[in-house]
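Just below is one structure, and these are the notes that go with it.
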Amino acid sequence: MAKETKFFRRQADKAERMALAMSDEEASQSLSNLARAYRSQADALKKSRKEKSKRKKQKGKKARRLEVKKSKKSRPRE
């Protein structure tokens, strides 16, 4: 997924450079909007990846806590 994020950022940079080089105002504005859309998509992918990673970590912590509780219950009392 990191490759996709980099792809969208590169495309945004290209669109922005082309927008600056355009003499036609309407075409320039369209390319600027395209660059903004690419960056927005890259940001959304990055945020989604962070949230997924965070959920995965929390799930792992919860599973470890359950294992500890189970192991404490299964120990014979002295």
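Residues take their numbers from the sequence shown, with the count starting at 1.
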Indicate every side-chain donor-acceptor pair of residues 14-27 with a distance under 3.5 Å to a residue at least two apart or in another chain.
unit_1, atom_1, unit_2, atom_2, d
E16, OE1, R39, NH2, 3.4
E16, OE2, R39, NH1, 3.4
D24, OD1, E26, N, 3.3

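- Taking the six-membered ring where tryptophan is involved, the planes of Y38 and F8 are tilted, since the angle between them lies from 30° to 60°.
- Atom NZ of residue K46 and atom CZ of residue R9 lie 6.0 Å apart, to the nearest 0.5 angstrom.
- Among residues two or more places apart in sequence or in another chain, the side chain to side chain contact (heavy atoms under 4.5 Å, CB included) test is passed with N33 by Q29, R36.
- Under the 3.5 Å distance criterion, the side-chain polar atoms of S32 are matched with a main-chain donor or acceptor of S28.
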